[in-house]
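Below: the structure, in structure tokens.
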Amino acid sequence: MCGIVGYTGSKEASEILIGGLKKLEYRGYDSAGIALQKNGQVVIAKAAGSVADLEKSLDDRFKAVKAGIGHTRWATHGRPTDQNAHPHSSHSGEIVVVHNGIIENNRLLRKWLIEEKGYSFRSETDTEVLAHLIEEYYDGDLLEAVRKSVSTVEGSYALVAVTCREPDRLVCARKDSPLIIGFGEGENFIASDIPALLNHTRNTCILEDGEFASITAEKVEVFNLEGCPVEKEIFKVNWDIAAAEKGGYDHFMLKEIMEQPVAVRETMRQRIDAAKGRVVPTEFEISPDELARLEKIYIVACGTAYHAGLIGKAVIEKLAGIPVEVEVASEFRYREPLLGENQLAIVISQSGETADTLAGLRLARSKGVKVLAITNVVGSTVSREADQVLFTWAGPEIAVASTKAYLTQLIAVYLIAIYLGEARKTLKPEKAAELVKGLLALPSQLERILSEESIAKLRSYCDHLATWERAFFLGRNLDFPVAMEGALKLKEISYIHAEACAAGELKHGPLALIVEGLPVIALATQKAVLDKTLSNIHEVNARGGAVFAITQEGFDDVARQVESVFYLPPVNDILAPVLAVVPTQLIAYYAALARGSSVDKPRNLAKSVTVE
Ligand code: AGP
């Protein structure tokens, strides 16, 4: 997820671009750059670092210029370096591009441009391919060159291009990544998101997938993929800037919960061959020899990432038949684990900077154990010190309570489990294909769960929950780590003391805490243990507990036994944790709202625990 801004008009372009990029740093902030069209050339300033650093670096070359483009980056392909920062220029330097998205066939196009067309590349990014492609197709009309270029591209893009040959003209194209046009008086704008525009105009229109636009100070023309003009309705934005940065949601946490279908879809992109029903291990590969000798996997993480590790244990053992030990990093690093040959360590960390997790990574590596990292931040310490990295592509996660990053961590462990299972032949191809099909269905199932009707049902439950100072989450099998994650979410933002209990453990002590009306959220998505979970729900009911069940459509026995029920779309049990956690995230959010706590920045907590 990156931030793009473009401007053409009569004002100081560099000021407008820098100001717009600052409003988009929540979309990415590891590097930034601008390109301005001046005196028959395009001048570029770009570097790793913040937009403020970029602003300080601008010299007089960037003054008195009326058109240009800017970009603030969240790295996916290529580390956050000066070379990899956008904008990217073509071979001749006459075409310059900024881009948000993932060019899935960038390797093929890069190879063709180098071997067939003699281009040379300066960066590791997929975006640079676009700059050279547009130059390759440029024949005097930038719009036509962009149209031809993106017709050869697979993947997602929001791109804006300029050329020194067509001063003050911006050309943009959009597929899967957002682009919004801002209409001014004698000036026009383009941006990834509304916050970048609000200081200048509230008259906007959203480019739809497959649409292009040619933008000058006086005119905006929109076309479809076939080059036919498209009439766009202008809508007036009535958000204030703060609301706009949250996409109109009241909090980043809710925005990030709602972004989960896209985050899951992006994290699977390029890693699944849908036609073959197989996982394509682009970043994580293990040799047949290593695989044959692999005896044990350690998963090391903290907090929410640890809960993803628990799901990872269950699915890797089930699908690949490899013993997995999951540990919180703060324990792992001090207990002298029996690390040695024929082992693999998987460290999971959204920020990639968590001190305990980093210590666990270093301990494993010091014992000669290969480390695979799952992290959301390209260039993070964990990503630089691991042997291999499987990045989650959730985009920046601002709220302290992790939601979309967690869901993409689950996707990562499923991909690893399926890949290992197929490689070790413990997972039959047809079973793997069935799981891949189930993974690909998750984004639309998540969208159903995040529908207004679903959310309304959860909100009414939270008003009751919010009046209590304690609550229980119950689950068995794969539902238990979901119960743990739900309890963590609730306690860390609503301050309700929520406890997760393996449902079968109730009678071994925790049942003593069940009293009349006590909120109990029961996860009941696993058919294999459903009867057992139902009897635990019965135990709670018998003591007056108020049970809210999260179960699958069709599990009708559950509804008959509880006060209220939330139905998930039917899903393969092994994938149910991806869906089941979402109602618990929303329960935590609305309970916190009802209690007036600080949802995005809960007391005593930090987004990344970089100290012990
Ligand atoms: C998540 O909701 C929590 N804020 C916290 O447990 C977090 O998951 C933990 O600190 C690990 O962070 P990391 O993924 O960045 O390593």
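When a ligand or atom number is given, it counts from 1 through the structure's own listing order. Computed from heavy atoms alone, side chains included, the values below leave out hydrogens, waters and symmetry copies. For clarity, every value in this text was computed on a predicted model and none was experimentally measured.
- In terms of protein heavy-atom proximity, atom 1 (C) of ligand 1 is closest to Thr304 OG1, 3.1 Å.
- Less than 4.0 angstrom separates some heavy atom of Gly303 from each of these atoms of ligand 1: 6 (O).
- Relative ring orientation between His86 and His99 is described as parallel, the plane-to-plane angle staying below 30° on a 0-90° scale split at 30° and 60°.
- Checked by atom type, the side-chain pair Thr533/Asn536 shows no donor-acceptor distance below 3.5 Å.
- Atom 14 (O) of ligand 1 has as its closest protein heavy atom Gln350 N, 2.6 Å.
- For ligand 1 and Ala401, the ligand atoms under 4.0 Å from any heavy atom of the residue are 2 (O).
- The environment of CD in Glu104 is crowded: more than 12 heavy-atom neighbours from other residues, nucleotides or ligands sit within 6.0 Å.
- The side chain of Glu492, and not its backbone, has at least one atom closer than 4.0 Å to an atom of ligand 1 (non-hydrogen atoms only; side chain from C-beta on).
- For the pair Arg603 and Tyr495, the cation-pi test (distance below 6.0 Å, angle within 45°) is passed.
- We find that Glu283 and Arg271 are joined by a salt bridge, their nearest charged nitrogen and carboxylate oxygen being less than 4.0 Å apart.
- Atom 10 (O) of ligand 1 has its closest protein heavy atom at Val609 CG2, 4.0 Å.
- A salt bridge links Arg265 to Glu447: at least one charged side-chain nitrogen sits closer than 4.0 Å to a carboxylate oxygen.
- Looking at Asn100, its side chain does come within 3.5 Å of a backbone N or O of Cys2 through a donor-acceptor pair.
- Considering backbone and side-chain N/O of Lys607, none are found under 3.5 Å from N/O of ligand 1.
- Considering backbone and side-chain N/O of Ser608, none are found under 3.5 Å from N/O of ligand 1.
- With hydrogens left out, the protein atom closest to atom 4 (N) of ligand 1 is Val400 O, 2.9 Å, a heavy atom.
- Side chain to side chain, Thr127 and Thr125 fail the donor-acceptor criterion of an N or O pair below 3.5 Å.
- Checking only distances, Thr354 does come within under 3.5 Å of ligand 1, N or O to N or O.
- Close approach of ligand 1 to Ser402 is summarised as follows: ligand atoms under 4.0 Å from at least one heavy atom of the residue are 1 (C), 2 (O).
- In this structure, Asp573 does not pair ionically with Lys318, as no charged nitrogen and carboxylate oxygen lie closer than 4.0 Å.
- Nearest protein heavy-atom contact of atom 15 (O) of ligand 1 is Ser351 OG, 2.7 Å.
- With respect to the salt-bridge test (charged N to carboxylate O, under 4.0 angstrom), the residues Glu453 and Lys457 do not qualify.
- The residue Glu353 has no part lying near ligand 1, judged by heavy-atom distances below 4.0 Å.
- The shortest N or O to N or O distance between Lys489 and ligand 1 is below 3.5 Å.
- If you check which protein heavy atom lies closest to atom 11 (C) of ligand 1, you get Cys302 O, 3.5 Å.
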